[in-house]
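Worth saying up front: this structure is predicted, and the values here are computed from it rather than measured.
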Amino acid sequence: MAEIQNILGVYRGLLRSNPILTKSITSAIISGLGSTISQVIAKKNISLQDVRTFLIYGGFVTGPITHHFYIILDKLFGGPGLLRYILRILSDRLVFAPGFLLLTLYCLSRLNGVSHSKSIQGIKEKYWQCLVGNWKIWTIPQLINIGIIPPQYRVLFANLVALVWNTYLARKQSIN
């Protein structure tokens, strides 16, 4: 237990000194792990290209964007009160999630070397199913994240949920 507290202490220090870099590296690692787990579950050989794709996306897109998203969300609808909480949740679920999913599916496809037109076609085929999956997987954790988790730990909490989500997305990306 002391080791976990030490790790969390180091993480807190890194969040204070380098918040975006810390969240980006954490996102990259968890995204790559989600891809790896998906491949293991599917009983496939581990594709380093797929793992690399999720590492890059997690580090350069997910970490920085979610860091800024939670800050903006709190600036727009911060403070106590049920109405502000509902507005934060609705903004996440109905505005951020659909747009970020679109970006995610496109970037993952392009990072895997798929052409623009085939990426768009893949989005047309998978988007709605993935969005429904997003709402199913992410809604309850986001109720907790936005309502209870201190702002500096929201990306970490989301990263832990993202382990499941990235496994799901990696699985969807591998089904062609």
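Between Lys23 and Asn159, the shortest heavy-atom distance links the atoms O-ND2, 4.1 Å. Residue Leu101 comes nearest to Cys130 through the heavy atom pair CD2-C, 3.7 Å, listed as atom of the first residue, atom of the second, then distance.
Counting heavy atoms of neighbouring residues, nucleotides and ligands inside a 6.0 Å radius, atom OH of Tyr11 exceeds 12 of them.
Distance check, rounded to the nearest 0.5 Å: NZ of Lys118 to CG of Asn112 gives 13.5 Å. Expressed to the nearest 0.5 Å, how far CD1 of Ile71 lies from CD of Gln152 amounts to 11.0 Å. Between atom CD of residue Gln5 and atom CZ of residue Arg12 there is a gap of 8.5 Å, rounded to the nearest 0.5 Å.
Inspection of the Gln39 and Ser35 side chains reveals an N or O donor paired with an N or O acceptor under 3.5 Å. Looking at Asn145 and Tyr70, their side chains do bring a donor and an acceptor atom within 3.5 Å of each other. Between the side chains of Tyr57 and Thr104, at least one donor N or O lies within less than 3.5 Å of an accepting N or O. Counting only N and O atoms by type, the side chains of Thr62 and Ser27 include no donor and acceptor under 3.5 Å apart. For the 3.5 Å distance criterion, the side chains of Asn6 and Glu3 fail to qualify, holding no donor opposite an acceptor.
Think of Ile29 as one node in a network of Ile, Leu, Val, Met, Phe, Trp and Tyr side chains linked at under 4.5 Å; its network also takes in Leu21, Ile25.
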Decide yes or no on salt bridge (Lys or Arg N to Asp or Glu O under 4.0 Å) for Asp74 and Arg154, but give the supporting numbers first.
CA-CA 12 Å; Asp74 284 341; Arg154 287 184 185 155; 2.7 Å; yes
Would you sort out whether Leu103 and Ile65 count as a side-chain contact (heavy atoms from CB on, under 4.5 Å), showing the intermediate values?
CA-CA 11 Å; Leu103 175 69; Ile65 287 177; 3.7 Å; yes
